[in-house]
Undergrad: 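My questions all concern the structure below.
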Amino acid sequence: MSPDHSDPLTPSDPVAPSDPAAPAVDPTDPIDVLDAGDLARSAGEPRTRVVVFGDVLDDVIVTAATPAATGTDTEALIRHRAGGAAANTAAWLGSLGGEVDFVGRVGVSDRHRHAQLLADAGVLPRLSYDAHDSTGTVVITVEGEVSSMFTDRGASAALDPDDVPDELLESAAVLHVTGYSVVHSRTPVPLRRLMTRAREAGAAVSVDPGSSGFIGRFGVAAFLDAIDGADLFFASPAEGRLLTGLDDEHGIATALAERFGVVCLVQDDGGAVLARHGRSVVDVPSVTTRVVDPVGVGDAFAAGFIDSWRTTRKPGVAARRGARAAARAFAVAGGRPPA
């Protein structure tokens, strides 16, 4: 990972570029140049709430202590954590001090447990429950900085975008959704309707595509059509390659920026390639940290970015904050911030 370029991330970090104490724009810094010319945070009381819609799951994280042996036992470190890409992002947003509502679905026996875990992270949980299906579960195998997932969405599969009330969107600065809500739905029409309702209510739309494996089976063209026009888009390099057919990360980010407002190609080390239509692509360096596991790093990056962008509208500033949140995620076990 690259050298540490900033202090540890805390909820009280100054992020507004209009702050009188903020440094002047550095014309030699490509990230400052990317943001140059944007309007500063508007006067008055801008919207600050973020509505997150999507999966809340239970994670079983398996890290082998010895080489995996087929047909017999392998010693491993096994951790049980709350997870789900959308719920992880909501929890990181809450831990950063943001106002965040999370809309998800769990098994009836887990409703209070998951609601309390989200509330402990500073999230207002809005959980429906399923009396016939249990909370979804993901088994995650970790090898170094690479993780693989075996996913059973359980109750989350019945989550309905039409259940998000209009009044919730009317107070939101950003609606954040994940691709799992597209690829596992019977039809993407309700999610498209949710995104349209959010825009009509004055909220920006943020999308994390979620999984290259699921997108490939769903169909790239159909997936892109379902989320077309999102204002913020957070993809991994693997997802970007699948969605564009390109290999070069700058080329991937540029191609995606033709379709989405701001694109962050979040790299395995927690840094990113940042692109906006009509502007130069820039590299956002990662932040040095100890690595416990890589679970939830992309979710944390998205949360750090959104937490800054919702008030500053400065993608470069927001991406630096995203990288710092990603570094925090590397240093904890599981995809959520420490309690």
Side-chain angles (χ1 to χ4, degrees), residues 1 4-15 50 52 54-63 65 76-102 104 106 110-125 127 135-147 149 176 178 208 234 266 268-272 286-308 318 320-339:
M1 301 182 71
D4 190 344
H5 289 265
S6 56
D7 297 330
L9 182 65
T10 64
S12 59
D13 283 343
V15 298
V50 179
V52 181
D55 287 355
V56 53
L57 308 172
D58 287 316
D59 288 349
V60 180
I61 305 169
V62 181
T63 306
L77 176 62
I78 300 176
R79 303 181 180 95
H80 295 257
R81 296 288 188 273
N88 290 347
T89 300
W92 283 105
L93 277 162
S95 77
L96 296 173
E99 300 173 289
V100 54
D101 298 86
F102 176 77
V106 296
D110 292 322
R111 187 181 187 189
H112 293 296
R113 174 172 64 90
H114 275 289
Q116 188 61 57
L117 289 169
L118 288 164
D120 289 346
V123 177
L124 181 58
L127 299 180
T135 301
T137 301
V138 182
V139 176
I140 305 170
T141 59
V142 177
E143 297 181 43
E145 294 185 13
V146 178
S147 55
M149 284 73 71
H176 179 76
T178 69
D208 176 347
F234 303 94
V266 183
D268 291 342
D269 64 359
S286 63
V287 175
T288 297
T289 186
R290 70 188 184 96
V291 176
V292 174
D293 73 45
V295 178
V297 167
D299 306 330
F301 183 101
F305 187 104
I306 293 168
D307 185 60
S308 174
R320 283 180 167 138
R321 191 169 176 89
R324 294 163 69 185
R328 284 185 60 194
F330 268 121
V332 299
R336 301 275 184 95

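Positions are given from 1, in the same order as the sequence printed here.
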Undergrad: Which pair of non-hydrogen atoms, one from Ala272 and one from Phe301, has the smallest distance, and what is that distance?
TA: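 Scanning both residues, the minimum pair turns out to be CB-CZ, 3.6 Å.
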Undergrad: List in chain and number order the residues that pass side chain to side chain contact (heavy atoms under 4.5 Å, CB included) with Pro337, two or more places apart in sequence or in another chain; answer none if no residue qualifies.
TA: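 Residues passing side chain to side chain contact (heavy atoms under 4.5 Å, CB included) with Pro337: Ala91, Trp92, Ser95, Arg328.
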Undergrad: What residues, two or more places apart in sequence or in another chain, satisfy side chain to side chain donor-acceptor pair (under 3.5 Å) together with Thr178?
TA: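 By the side chain to side chain donor-acceptor pair (under 3.5 Å) rule, Thr178 matches no residue at all.
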Undergrad: Please name all residues satisfying ring-ring contact (aromatic ring centres under 6.0 Å, His included) with Phe234, sequence neighbours left out, ordered by chain then number.
TA: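 Result, ring-ring contact (aromatic ring centres under 6.0 Å, His included) vs Phe234: Phe305.
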Undergrad: Restricting to side chain to side chain donor-acceptor pair (under 3.5 Å), what partner residues turn up for Gln116, sequence neighbours left out?
TA: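 Only Asp120 meet the side chain to side chain donor-acceptor pair (under 3.5 Å) criterion with Gln116.
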Undergrad: Looking at every non-hydrogen atom in both residues, tell me the closest pair between Arg321 and Ser308 and how far apart they are.
TA: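 Heavy-atom minimum between the residues: CD-CB, 3.6 Å.
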Undergrad: Taking all non-hydrogen atoms of both residues, which atom of Gly83 and which atom of Asn88 are closest, and how far apart?
TA: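 Closest heavy-atom pair between Gly83 and Asn88: CA-OD1, 3.3 Å.
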Undergrad: Hey, what do you get for OG1 (Thr289) to CG (Asp269), rounding to the nearest 0.5 Å?
TA: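 One gets 12.0 Å once the value is rounded to the nearest 0.5 Å.
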Undergrad: Suppose we screen for side chain to side chain contact (heavy atoms under 4.5 Å, CB included). Which residues come up paired with Leu93, at least two apart in sequence or across chains?
TA: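 Leu93 satisfies side chain to side chain contact (heavy atoms under 4.5 Å, CB included) with Val50, Val52, Thr89, Val100, Ala303, Ile306, Asp307 only.
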Undergrad: Taking salt bridge (charged side-chain N to carboxylate O under 4.0 Å, His left out) as the test, write out the residues that go with Asp55, two or more places apart.
TA: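 Asp55 satisfies salt bridge (charged side-chain N to carboxylate O under 4.0 Å, His left out) with Arg153 only.
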Undergrad: For Ala329 and Gly296, work out which heavy atoms get closest and say how close.
TA: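 Taking every non-hydrogen atom into account, CB-O, 4.0 Å.
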Undergrad: Who passes side chain to side chain contact (heavy atoms under 4.5 Å, CB included) against Val138, sequence neighbours left out?
TA: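 So Val138 forms a side chain to side chain contact (heavy atoms under 4.5 Å, CB included) with Leu57, Asp59, Ile140, Met149, Thr151.
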Undergrad: Would you compute the distance between atom CG of Asp101 and atom CG of Leu124 and round it to the nearest 0.5 angstrom?
TA: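 Result: 4.5 Å between the selected atoms.
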Undergrad: Checking side chain to side chain contact (heavy atoms under 4.5 Å, CB included) for the pair Arg79/Val292: CA distance, chi angles, key distance, verdict?
TA: CA-CA 12 Å; Arg79 303 181 180 95; Val292 174; 4.2 Å; yes
Undergrad: Considering residues at least two apart in sequence or located in another chain, which fulfil the side chain to side chain contact (heavy atoms under 4.5 Å, CB included) criterion with His112?
TA: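 Counting only residues at least two positions away or on another chain, His112 forms no side chain to side chain contact (heavy atoms under 4.5 Å, CB included).
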Undergrad: So which heavy atom on Gly270 is nearest to which on Ser286, and how close?
TA: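 Minimum heavy-atom separation between Gly270 and Ser286: C-CB, 4.0 Å.
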Undergrad: Filter on salt bridge (Lys or Arg N to Asp or Glu O under 4.0 Å), then keep only pairs touching residues 330-339, sequence neighbours left out; what's left?
TA: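 Residue pairs with at least one partner in residues 330-339: there are none.
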Undergrad: Identify, with sequence neighbours excluded, every residue that meets salt bridge (charged side-chain N to carboxylate O under 4.0 Å, His left out) alongside Asp58.
TA: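 Applying salt bridge (charged side-chain N to carboxylate O under 4.0 Å, His left out) to Asp58 gives Arg113.
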Undergrad: What pairs meet the salt bridge (Lys or Arg N to Asp or Glu O under 4.0 Å) rule with one or both residues in residues 288-306, with sequence neighbours excluded?
TA: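 Residue pairs with at least one partner in residues 288-306: there are none.
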Undergrad: Do you know which two heavy atoms are closest between Ala76 and Val62, and how far apart they sit?
TA: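 Heavy atoms only, the tightest pair is CB-CG1, 4.0 Å.
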